[in-house]
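Have a look at the structure below before the remarks.
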Amino acid sequence: DLWTKAWAWEHLRTQPGREIVKDFFYLDFAFNTGSAFGFLRDAGWSRLFFIAITVAALVYMARLAMTLPTRAGSGFVAIGLIASGALGNLHDRFVRVFLDQYGVVDFIQIYYAQGSPAWPNFNIADVALVIGVILLIPFLMFHAEPAPQRA
(Lines give C-alpha, C1' and ligand atoms only; values in the text may rest on other atoms or scores of the structure.)
Protein backbone atom coordinates (compact mmCIF):
# COMPACT_ATOMS: atom_id res chain seq x y z
CA ASP A 1 0.00 0.00 0.00
CA LEU A 2 2.67 2.53 0.95
CA TRP A 3 4.62 1.84 -2.22
CA THR A 4 1.58 2.27 -4.46
CA LYS A 5 0.62 5.51 -2.71
CA ALA A 6 4.18 6.80 -3.12
CA TRP A 7 4.02 5.89 -6.81
CA ALA A 8 0.67 7.67 -7.20
CA TRP A 9 2.04 10.70 -5.34
CA GLU A 10 5.02 10.91 -7.70
CA HIS A 11 3.37 9.96 -11.00
CA LEU A 12 -0.29 10.96 -10.80
CA ARG A 13 -0.46 14.02 -8.55
CA THR A 14 0.45 16.53 -11.26
CA GLN A 15 -0.68 14.60 -14.33
CA PRO A 16 -3.99 13.53 -15.84
CA GLY A 17 -5.31 10.11 -14.89
CA ARG A 18 -4.25 6.96 -16.71
CA GLU A 19 -6.70 4.69 -18.45
CA ILE A 20 -6.04 1.01 -17.69
CA VAL A 21 -9.27 -0.60 -18.95
CA LYS A 22 -11.41 1.73 -21.06
CA ASP A 23 -14.66 2.83 -19.42
CA PHE A 24 -13.90 0.73 -16.33
CA PHE A 25 -10.51 1.06 -14.55
CA TYR A 26 -8.37 4.18 -14.23
CA LEU A 27 -5.55 5.45 -12.06
CA ASP A 28 -6.30 9.03 -11.06
CA PHE A 29 -4.88 10.97 -8.10
CA ALA A 30 -7.26 12.07 -5.36
CA PHE A 31 -6.42 13.41 -1.92
CA ASN A 32 -8.97 12.52 0.73
CA THR A 33 -8.95 14.61 3.89
CA GLY A 34 -11.99 12.71 5.19
CA SER A 35 -12.79 9.01 5.33
CA ALA A 36 -14.77 6.69 3.06
CA PHE A 37 -16.60 8.63 0.33
CA GLY A 38 -15.00 11.84 1.64
CA PHE A 39 -17.07 11.73 4.84
CA LEU A 40 -16.18 14.73 7.07
CA ARG A 41 -13.59 16.01 4.57
CA ASP A 42 -14.41 19.62 5.38
CA ALA A 43 -14.44 19.27 9.17
CA GLY A 44 -11.35 20.84 10.73
CA TRP A 45 -11.30 18.25 13.52
CA SER A 46 -11.67 15.21 11.25
CA ARG A 47 -7.96 14.34 11.04
CA LEU A 48 -7.62 13.89 14.82
CA PHE A 49 -10.97 12.12 14.95
CA PHE A 50 -9.95 9.57 12.28
CA ILE A 51 -6.54 9.06 13.90
CA ALA A 52 -8.25 8.31 17.23
CA ILE A 53 -10.79 5.96 15.61
CA THR A 54 -8.01 4.14 13.75
CA VAL A 55 -5.89 3.71 16.88
CA ALA A 56 -8.94 2.40 18.78
CA ALA A 57 -9.68 -0.04 15.96
CA LEU A 58 -6.06 -1.24 15.94
CA VAL A 59 -6.17 -1.81 19.72
CA TYR A 60 -9.40 -3.77 19.28
CA MET A 61 -7.89 -5.85 16.43
CA ALA A 62 -4.85 -6.64 18.60
CA ARG A 63 -7.09 -7.72 21.48
CA LEU A 64 -9.22 -9.80 19.13
CA ALA A 65 -6.12 -11.47 17.66
CA MET A 66 -4.95 -12.45 21.16
CA THR A 67 -8.26 -14.12 21.97
CA LEU A 68 -8.97 -15.91 18.68
CA PRO A 69 -9.11 -19.70 18.66
CA THR A 70 -5.95 -20.86 16.88
CA ARG A 71 -7.71 -23.64 14.97
CA ALA A 72 -9.06 -21.23 12.34
CA GLY A 73 -6.37 -19.20 10.61
CA SER A 74 -8.81 -17.18 8.51
CA GLY A 75 -9.53 -14.94 11.50
CA PHE A 76 -5.87 -13.98 11.73
CA VAL A 77 -5.78 -13.25 7.99
CA ALA A 78 -8.86 -11.06 8.33
CA ILE A 79 -7.41 -9.17 11.29
CA GLY A 80 -4.09 -8.78 9.48
CA LEU A 81 -5.80 -7.30 6.44
CA ILE A 82 -7.87 -4.91 8.55
CA ALA A 83 -4.87 -3.84 10.63
CA SER A 84 -2.58 -3.39 7.63
CA GLY A 85 -5.19 -1.33 5.78
CA ALA A 86 -5.77 0.81 8.84
CA LEU A 87 -2.03 1.32 9.34
CA GLY A 88 -1.52 2.28 5.69
CA ASN A 89 -4.14 5.00 5.86
CA LEU A 90 -2.99 6.07 9.34
CA HIS A 91 0.51 6.57 7.92
CA ASP A 92 -0.89 8.94 5.31
CA ARG A 93 -2.84 10.91 7.91
CA PHE A 94 0.46 11.58 9.72
CA VAL A 95 2.77 12.32 6.78
CA ARG A 96 0.88 13.26 3.58
CA VAL A 97 0.27 16.96 3.12
CA PHE A 98 -1.29 18.38 -0.04
CA LEU A 99 -2.42 22.00 -0.37
CA ASP A 100 -1.67 22.55 3.35
CA GLN A 101 -3.97 19.71 4.47
CA TYR A 102 -3.23 16.23 5.79
CA GLY A 103 -5.02 13.35 4.12
CA VAL A 104 -4.90 9.99 2.40
CA VAL A 105 -3.74 9.34 -1.16
CA ASP A 106 -6.39 7.59 -3.24
CA PHE A 107 -5.79 6.68 -6.86
CA ILE A 108 -7.84 3.68 -7.99
CA GLN A 109 -10.93 4.72 -9.91
CA ILE A 110 -13.61 2.26 -11.03
CA TYR A 111 -16.65 2.90 -13.21
CA TYR A 112 -18.90 0.03 -12.05
CA ALA A 113 -21.46 0.43 -14.86
CA GLN A 114 -21.06 1.89 -18.31
CA GLY A 115 -22.04 5.54 -18.34
CA SER A 116 -22.25 5.70 -14.55
CA PRO A 117 -20.27 8.07 -12.39
CA ALA A 118 -17.04 6.68 -11.00
CA TRP A 119 -16.97 4.97 -7.63
CA PRO A 120 -15.05 7.29 -5.28
CA ASN A 121 -11.30 6.83 -5.62
CA PHE A 122 -9.70 4.41 -3.20
CA ASN A 123 -6.35 2.73 -2.51
CA ILE A 124 -4.82 -0.65 -1.66
CA ALA A 125 -5.29 -0.06 2.09
CA ASP A 126 -9.02 0.39 1.49
CA VAL A 127 -9.10 -2.87 -0.48
CA ALA A 128 -7.34 -4.69 2.39
CA LEU A 129 -9.80 -3.24 4.90
CA VAL A 130 -12.86 -4.28 2.89
CA ILE A 131 -11.55 -7.80 2.23
CA GLY A 132 -10.59 -8.14 5.89
CA VAL A 133 -14.06 -7.15 7.08
CA ILE A 134 -15.69 -9.48 4.53
CA LEU A 135 -13.56 -12.35 5.89
CA LEU A 136 -14.00 -11.41 9.55
CA ILE A 137 -17.81 -11.37 9.57
CA PRO A 138 -18.32 -15.04 8.64
CA PHE A 139 -15.36 -16.00 10.82
CA LEU A 140 -17.02 -14.41 13.85
CA MET A 141 -20.38 -15.91 12.91
CA PHE A 142 -19.03 -19.47 12.73
CA HIS A 143 -16.00 -19.53 15.04
CA ALA A 144 -16.68 -17.05 17.82
CA GLU A 145 -17.16 -18.55 21.23
CA PRO A 146 -20.64 -17.90 22.67
CA ALA A 147 -20.79 -15.66 25.72
CA PRO A 148 -20.93 -17.61 28.98
CA GLN A 149 -24.43 -18.06 30.41
CA ARG A 150 -25.10 -16.34 33.70
CA ALA A 151 -26.89 -18.23 36.41
Side-chain angles (χ1 to χ4, degrees), residues 1-66 68 72-144:
D1 171 67
L2 296 179
W3 179 85
T4 61
K5 287 178 187 171
W7 179 88
W9 183 264
E10 292 299 319
H11 296 95
L12 298 174
R13 182 169 37 117
T14 59
Q15 300 174 14
R18 296 183 184 187
E19 178 183 83
I20 306 302
V21 176
K22 185 173 175 50
D23 296 328
F24 177 67
F25 179 49
Y26 295 80
L27 299 178
D28 192 19
F29 182 83
F31 196 70
N32 189 354
T33 57
S35 69
F37 307 107
F39 179 65
L40 295 178
R41 72 175 156 250
D42 296 325
W45 48 269
S46 66
R47 177 177 177 242
L48 293 177
F49 175 73
F50 291 124
I51 288 171
I53 293 295
T54 302
V55 169
L58 288 167
V59 168
Y60 176 74
M61 289 293 115
R63 183 181 177 284
L64 187 59
M66 291 187 296
L68 283 180
S74 62
F76 293 104
V77 172
I79 289 170
L81 287 167
I82 293 168
S84 64
L87 285 168
N89 285 337
L90 182 64
H91 169 271
D92 272 22
R93 291 193 193 285
F94 279 115
V95 303
R96 294 278 183 210
V97 180
F98 185 65
L99 303 175
D100 295 326
Q101 289 190 305
Y102 286 89
V104 175
V105 172
D106 290 332
F107 60 94
I108 300 169
Q109 187 176 52
I110 301 288
Y111 290 84
Y112 50 91
Q114 191 171 8
S116 69
W119 187 261
N121 289 23
F122 56 97
N123 58 47
I124 301 299
D126 299 333
V127 173
L129 278 162
V130 168
I131 292 171
V133 169
I134 289 169
L135 291 174
L136 187 61
I137 290 170
F139 173 83
L140 292 175
M141 288 172 54
F142 297 112
H143 298 290

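Computation of the quantities below employed the complete heavy-atom set of this structure, encompassing side-chain atoms and omitting hydrogens, waters and symmetry-equivalent molecules.
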- Test W9 against F31 for side-chain contact (heavy atoms from CB on, under 4.5 Å), laying out the working first. CA-CA 10 Å; W9 183 264; F31 196 70; 4.0 Å; yes
- Step by step, work out the side-chain contact (heavy atoms from CB on, under 4.5 Å) result for Y111 and D23. CA-CA 7 Å; Y111 290 84; D23 296 328; 6.0 Å; no
- Message: Determine whether T4 and V105 satisfy the following criterion, side-chain contact (heavy atoms from CB on, under 4.5 Å), listing intermediate values before the conclusion.
- Response: CA-CA 9 Å; T4 61; V105 172; over 6 Å; no
- Task: Evaluate the criterion side-chain contact (heavy atoms from CB on, under 4.5 Å) for residue pair F107 and N121; output intermediate values, then yes/no.
- Result: CA-CA 6 Å; F107 60 94; N121 289 23; 5.6 Å; no
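The backbone N or O of A30 lies less than 3.5 Å from no partner atom in the side chain of D106, so there is not a single donor-acceptor pair. Without hydrogens or angle criteria, K5 side chain to G88 main chain gives a donor-acceptor distance under 3.5 Å.
At least one side-chain heavy atom of L136 sits under 4.5 Å from a side-chain heavy atom of L64. Between I51 and L90 the shortest side-chain heavy-atom distance falls below 4.5 Å. Put simply, the side chain of F24 reaches to within 4.5 Å of the side chain of I110, judged on heavy atoms. A 4.5 Å side-chain heavy-atom check between I137 and M141 finds at least one atom pair inside the cut-off.
The distance from atom CZ of F122 to atom CD of Q109, rounded to the nearest 0.5 Å, is 9.5 Å. Here the straight-line distance linking atom CG of L81 with atom CZ of F76 works out to 13.5 Å at 0.5 Å rounding. Note that CD1 of I79 and CZ of F139 are 7.0 Å apart. Values are rounded to the nearest 0.5 Å. The CG atom of D92 sits 7.0 Å away from atom CG of N123, with the distance rounded to the nearest 0.5 Å. Taken to the nearest 0.5 Å, the CG atom of L12 stands 8.0 Å off from the CZ atom of F29.
Between F94 and Y102 the shortest heavy-atom distance is O-CE2, 3.3 Å. The minimum heavy-atom distance between A86 and L58, with the atom names listed, is CB-CD2, 4.0 Å. Closest of all the heavy-atom pairs between T33 and R93 is O-NH1, 4.2 Å. Of all the heavy atoms in R18 and W7, the pair that sits closest is NH1-CZ2, 3.5 Å. Across all non-hydrogen atoms, the minimal contact from D1 to N89 is OD2-N, 4.4 Å. Closest heavy-atom contact between A78 and G132: CB-O, 3.4 Å.
Atom OH of Y60 has 12 or fewer neighbouring heavy atoms from other residues, nucleotides or ligands inside a 6.0 Å radius.
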